[in-house]
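Single-structure report; data block below.
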Amino acid sequence: MLWLVALSFVCFSWAAPFPANYKEAADKIIAASTSESYLTFDNYEYMCDTFGPRFVGSDNLENALSWVSDFLTSEGLKVTKEPVPNITHWVRGDESLDMISPRKAKMALLGLGTSVGGDVTAEVIVVSSFDDLHKNAEKAKGKIVVYNVPFVTYSETVQYRSSGAIEAAKVGAVASLVRSITPFSLYTPHTGIQHYKDGVAKIPAAAITVEDAEMMDRMYKRGQRIVLHLVMKAQSFPDTKSWNILAEIPGKVSPQEVVVMGGHSDSWDVGQGAIDDGGGFFSAVHAVLLINKLIKEGKLPQPRRTIRAVLWVDEEVNQRGAAAYLEAHQAELKDHIIAMESDIGNFDPTTLGFSGVPEALKIIQAIVTDLMGESGVNKIEEGKGADTDNGPLCLQGVPCGSLSGTGDTGPQWYYFYFHHTNADSITHINREGLRRSAAAFGVLSYVLADMEQRLPSQLA
């Protein structure tokens, strides 16, 4: 019994002063994130402006990755490029949508990722759900199906984009047009990935604006005959390859143990990819850069463990980057202290999702509560640490974290105003939100990399 009491006292004594030990370091990191001398947006803006959208298979992406790698190397970080094979290579080509009847009009659209091309002139059927489509299966034969489904949440509504072509083809439709997955529109179509199914005909699939979807719904309910002419010159090419980029501050005591944070380097082929996910991966890059600068200036000691920023590729299509990272580091997972990701646009971070053992959660709670208030991140969502790219690591037992904030929740969901559109540009980023995201990543990564006891996990 006495040894249990003694052990409890030792654990409590370690836990109680722990956050206070890093208050000075956290304050320096947060202060640096607000300073132009430590964090500027010049390189972020240069990348978005110079290379544009970074779609997998494109020269834009490969040129941007080469530039990012050279830039991070020039800043004194240890940079590694890890190959990622089997990258889908799809090119949208020219595309157009014209209303022929009941009047002539040009309509905005964006083809959906991996869609086949086609030249289709056909009458329209408008449906409000998959059930509605199946109830009207006979009417849909030989028609263009328009899904007019209002945004509820992204996860609930996105099924009409991802599976709309499959369900339409099952009932004999010749094309699928989905109302863009967004709560708000200024006549802006939103692209994204869609899927086909073996044994089901592949038909052209595209997104149209909220305005046009609602207009055609009104016309259809009046009994007006709607005829559209859809042209899509999309093509698929043989798979290609790309790279994950790792940028590190090596640990001084246990360099084999790594604290991972990052975002995805690719974007869709429209806009600039500034919000999705330039903001996410540059938040991690900025965090590593400002910590490295503070170390060089003697304002922070080199951490015990390695801090690693990861730029995962191919998040938007097949997540090959996440799979390749897991395969390359499978034998080292026990030395992954945590894997954190940001893929929410970084408008105004408020919450850290965390997935890990209860003992780890207590430490994360202490860091967030006592050290991170000025970053804006002051809440934890237990069990919500997995995102798309860190998810495979989570499933293997690595503790995981995910930043979220005002842009991807609540009544407005304004992250999805810009998501996968031509409006995803530097103009619409929140610079203060990006600074706070970098501060949050910086404090979390530095403390977890430097504290004497490693973060508990299922693996260690």
Side-chain angles (χ1 to χ4, degrees), residues 90-149 157-182 185 187-221 224-236 268-270 420-421:
W90 175 84
V91 177
R92 75 169 56 252
D94 294 335
E95 52 192 17
S96 63
L97 181 64
D98 292 274
M99 179 182 285
I100 306 300
S101 177
R103 61 181 171 89
K104 296 190 184 311
K106 295 282 186 183
M107 306 176 86
L109 89 158
L110 282 175
L112 299 179
T114 73
S115 174
V116 296
D119 188 330
V120 177
T121 300
E123 194 171 336
V124 163
I125 178 173
V126 182
V127 298
S128 60
S129 67
F130 288 140
D131 285 344
D132 189 16
L133 173 66
H134 295 144
K135 287 175 185 175
N136 292 280
E138 285 300 316
K139 295 180 182 178
K141 288 181 180 178
K143 305 277 181 63
I144 295 173
V145 171
V146 171
Y147 293 97
N148 180 40
V149 184
T157 316
V158 75
Q159 63 181 314
Y160 293 96
R161 187 192 76 202
S162 59
S163 301
I166 297 173
E167 297 305 314
K170 284 180 180 178
V171 297
V174 293
S176 170
L177 300 177
V178 62
R179 169 177 169 153
S180 287
I181 312 302
T182 179
S185 178
Y187 204 66
T188 310
H190 296 236
T191 190
I193 195 66
Q194 67 88 42
H195 304 291
Y196 291 121
K197 186 176 181 180
D198 290 344
V200 179
K202 295 180 178 181
I203 61 176
I208 58 174
T209 66
V210 170
E211 292 88 341
D212 282 341
E214 291 187 346
M215 177 184 69
M216 286 191 281
D217 185 57
R218 293 191 299 270
M219 289 176 169
Y220 189 75
K221 286 175 178 175
Q224 292 176 284
R225 182 172 178 265
I226 308 165
V227 178
L228 301 179
H229 179 207
L230 171 67
V231 176
M232 293 177 60
K233 295 184 179 180
Q235 297 183 72
S236 292
W268 275 97
D269 59 336
V270 293
H420 299 178
T421 73

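Keep in mind it's a predicted model, so treat the numbers as computed, not measured. Just the heavy atoms: all of them, side chains too, but no hydrogens, waters or symmetry mates, feed the values below.
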- Message: Please report the interatomic distance CD(Gln159) to CD1(Ile166), rounded to the nearest 0.5 Å.
- Response: 11.5 Å
- Message: The test is side-chain contact (heavy atoms from CB on, under 4.5 Å); show your working for Tyr220 and Asn148 and say whether it passes.
- Response: CA-CA 11 Å; Tyr220 189 75; Asn148 180 40; over 6 Å; no
- Task: Would you please say whether a donor-acceptor pair under 3.5 Å links the side chains of Asp212 and Tyr187?
- Result: yes
- In terms of heavy-atom contacts, Ser180 and Val210 come closest through O-CG2, 4.2 Å
- Note, Ser185 side chain near Glu211 side chain (heavy atom, < 4.5 Å): yes
- Query: Going by heavy atoms in the side chains, are Trp268 and Thr421 under 4.5 Å from each other?
  - Reply: no
- Message: Could you go through Ile144 and Ile125, starting from their C-alpha distance and side-chain angles, then the distance that decides it, and tell me whether this counts as side-chain contact (heavy atoms from CB on, under 4.5 Å)?
- Response: CA-CA 6 Å; Ile144 295 173; Ile125 178 173; over 6 Å; no
- Just wondering, do Glu214 and Arg179 contact through their side chains at under 4.5 Å, heavy atoms? yes
- Report yes or no: does Arg161 contribute a side-chain atom to a donor-acceptor pair with the main-chain N or O of Ala207 at less than 3.5 Å? no
- Message: Restricting to non-hydrogen atoms, name the atom on Pro204 and the atom on Val120 that form the minimum distance, rounded to 0.1 Å.
- Response: CG-CG2, 4.4 Å
- Message: Using side-chain heavy atoms (C-beta onward) and a distance below 4.5 Å, is Val231 in contact with Asp98?
- Response: no
- Task: Provide the full list of ring pair (Phe, Tyr, Trp, His ring centres under 6.0 Å) pairs with a residue in residues 109-133, sequence neighbours left out, each pair given once.
- Result: Phe130-Tyr147, Phe130-Tyr160
- Give the intermediate values and the outcome of side-chain contact (heavy atoms from CB on, under 4.5 Å) for residues Ile181 and Thr157. CA-CA 7 Å; Ile181 312 302; Thr157 316; 4.0 Å; yes
- Query: Going from CE on Met232 to CD1 on Ile203, what distance comes out if it is rounded to the nearest 0.5 angstrom?
  - Reply: 10.5 Å
- Item | Under 3.5 Å donor-acceptor, Thr209 side chain and Thr188 backbone | no
- In sequence, state the C-alpha distance, the side-chain angles, and the governing distance for Lys135 and Asp131, and then conclude on salt bridge (Lys or Arg N to Asp or Glu O under 4.0 Å). CA-CA 6 Å; Lys135 287 175 185 175; Asp131 285 344; 5.9 Å; no
- Task: Please identify each residue that fulfils side-chain hydrogen bond (donor to acceptor under 3.5 Å, both in side chains) with Thr121, with sequence neighbours left out.
- Result: none
- Item | Asp132 (side chain) donor-acceptor with Ser128 (main chain) under 3.5 angstrom | yes
- Query: Is the closest side-chain donor-acceptor distance between Gln194 and Ser115 under 3.5 Å?
  - Reply: no
- Item | Arg92 (side chain) donor-acceptor with Gly111 (main chain) under 3.5 angstrom | yes
- Residues forming a side-chain hydrogen bond (donor to acceptor under 3.5 Å, both in side chains) with Glu167, sequence neighbours excluded: His134, Lys170
- Task: Taking all heavy atoms of Pro189 and all of Leu110, pick out the closest pair and write down the distance.
- Result: O-CD1, 3.3 Å
- Query: Name the one of Val127, Ile208, Ile226 that satisfies side-chain contact (heavy atoms from CB on, under 4.5 Å) with Val146?
  - Reply: Ile208
- Query: What's the shortest heavy-atom distance between Met99 and Ser101, and which atoms?
  - Reply: CG-O, 3.5 Å
- Would you name the heavy atoms of Gly113 and Thr191 that are closest together and state the gap between them? N-OG1, 4.2 Å
- Going by heavy atoms in the side chains, are Val227 and Val124 under 4.5 Å from each other? no
- Task: Carefully, step by step, assess Leu112 and Val178 under the rule side-chain contact (heavy atoms from CB on, under 4.5 Å).
- Result: CA-CA 9 Å; Leu112 299 179; Val178 62; 4.0 Å; yes
- Task: List the steps, then state whether salt bridge (Lys or Arg N to Asp or Glu O under 4.0 Å) holds for Glu123 with Arg225.
- Result: CA-CA 7 Å; Glu123 194 171 336; Arg225 182 172 178 265; 3.3 Å; yes
- Query: Which heavy atom in Ile100 sits nearest to a heavy atom in Leu228, and how many Å separate them?
  - Reply: CG1-C, 4.4 Å
